[in-house]
Number of protein chains: 2
Amino acid sequence: MEGHNKTAEISQQMKEKGLRITPQRFAVYANLLSRCDHPTVDDILTEINRELPIASKASVYSALSVLREVGLVREVLLDEGVTRYDAKVEPHHHFVCEGCGQIKDLAWDVFKNLQLNPLPSGFQVNAYEITVKGCCDRCNLERVEDQNP
Amino acid sequence: MEGHNKTAEISQQMKEKGLRITPQRFAVYANLLSRCDHPTVDDILTEINRELPIASKASVYSALSVLREVGLVREVLLDEGVTRYDAKVEPHHHFVCEGCGQIKDLAWDVFKNLQLNPLPSGFQVNAYEITVKGCCDRCNLERVEDQNP
DNA sequence: TTAAATGCAAACTATTTGCACGTAA
DNA sequence: TTACGTGCAAATAGTTTGCATTTAA
């Protein structure tokens with residue numbers, strides 16, 4: 001239930017980045033690795049404190065901050081004024097359901113033949129990311145039901 | 001200096017959407033039409049109150065809210081935990097300079113041959129938007145100077 | 001005339017910060 | 001042992017809300 005990364009592997013990844021390993025940081029990173037729902041700070045906090053209170057909110061912020069600095073996690077910034085986090089750092093895109101707000105990862109190659117026309121001169125591209133907005137199955141269903149009550 | 005939309009045209013657009021025209025709303029929308037820098041609420045507030053205090057922050061929030069509801073403006077959500085606004089509502093992409101934070105509009109066709117591979121089933125696409133991150137001329141220059149002092 | 005908008009201040013939410021205490025290395 | 005991390009609480013920033021007053025139509 002804790003994901004497929006072994007404790008030692010997780011510690012190893014953090015050590016390689018020069019991070020001191022504390023129970024709080026470990027819990028944050030392990031939790032993030034085990035889920036794919038792009039949780040917020042509160043989501044993570046709730047989850048790691050579920051059985052045994054282990055970390056404060058400030059520590060979760062702090063842990064996420066250093067994990068992001070060393071490249072083990074990244075922020076997912078969409079709408080809503082909340083920062084979400086993701087332990088999947090390879091380039092990929094996101095699908096956001098406008099009904100329920102769920103966020104799904106999209107494989108990098110979900111867009112094919114993506115070619116950048118010359119940008120207005122003076123710009124150098126480092127990265128790009130596509131946010132696809134739409135509706136998931138369940139929300140489509142509910143919408144149809146609303147219109148035919 | 002106030003952009004190329006005439007007063008009457010701006011009022012007309014707002015009326016067509018069923019909006020009551022108040023000095024505050026008018027100022028907010030006119031200001032947004034006249035600029036292309038994706039301003040924040042504070043940016044707009046400062047600008048419309050520059051010569052003569054005309055609107056409170058709450059009114060700017062309120063004006064932007066209704067303007068967005070009727071589709072005359074849209075939110076631009078990038079990083080930084082601030083909401084930016086844009087009176088250009090046609091689909092387009094954004095370039096964000098990671099150095100100075102400036103945001104440039106990119107024409108819709110700046111990506112050519114963009115084809116969506118089938119999504120994982122159960123998703124219906126309403127819209128998508130590409131955020132390109134990189135460096136503008138000036139910031140590239142500064143970076144080079146930093147490395148060769 | 002009157003439903004709707006404004007302005008102020010207080011409330012709320014997400015995040016950051018300062019500092020005394022605790023702990024991983 | 002000690003530099004670094006944690007926890008708490010206070011501070012900050014962006015945004016929303018309640019309510020009395022004003023105003024566009």
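Computed from a predicted structure; not experimentally measured. Below, read A as the first sequence line, B as the second, and so on, with proteins coming before strands; counting in each chain starts at 1.
Between Leu45(B) atom CG and dT6(C) atom C1' there is a gap of 13 Å when expressed in whole angstrom units. The interatomic distance linking Phe26(A) (CZ) with dT6(D) (P) rounds to 14 Å, in whole Å.
In this structure, Ser59(B) contributes its side chain and Ala55(B) its backbone to no donor-acceptor pair below 3.5 Å. Panel note: side chain Ser65(A), backbone Tyr61(A); no donor-acceptor pair is recorded below 3.5 Å.
Within 4.0 Å (heavy atoms only), Leu64(B) reaches no atom of the nucleic acid at all. Among the protein residues, Leu19(A) comes within range of no part of the nucleic acid, since none of its heavy atoms lies under 4.0 Å from any strand. Residue-level contact check: Ala55(A) touches the backbone only, with heavy atoms under 4.0 Å from sugar-phosphate atoms and none from bases.
Remark: the Asp105(B) side chain and the His93(B) side chain contain no N/O donor-acceptor pair separated by less than 3.5 Å.
The side chain of Ser59(A) contributes an N or O atom lying less than 4.0 Å from OP1 or OP2 of dG7(D). The phosphate of dT6(D) (OP1 or OP2) has a side-chain N or O of Ser62(A) nearer than 4.0 angstrom. Gln24(B) has no side-chain polar atom (N or O) that falls below the 4.0 Å cut-off from OP1 or OP2 of dT23(D).
Distance check: Leu106(A) CG to Glu129(A) CD gives 10.5 Å after rounding to the nearest 0.5 Å.
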Treating primed atoms plus P, OP1 and OP2 as sugar-phosphate and everything else as base, which nucleotides of nucleotides 14-24 of chain C get B, S or - for protein heavy atoms under 4.0 Å? SBBB-----BB
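Proximity of Glu98(A) to Asn126(B): side-chain heavy atoms (C-beta onward) are separated by under 4.5 Å at one or more points.
Ion pairing between a basic and an acidic side chain is recognised when a charged N comes within 4.0 Å of a carboxylate O; Arg84(A) and Glu75(A) show no such pairing.
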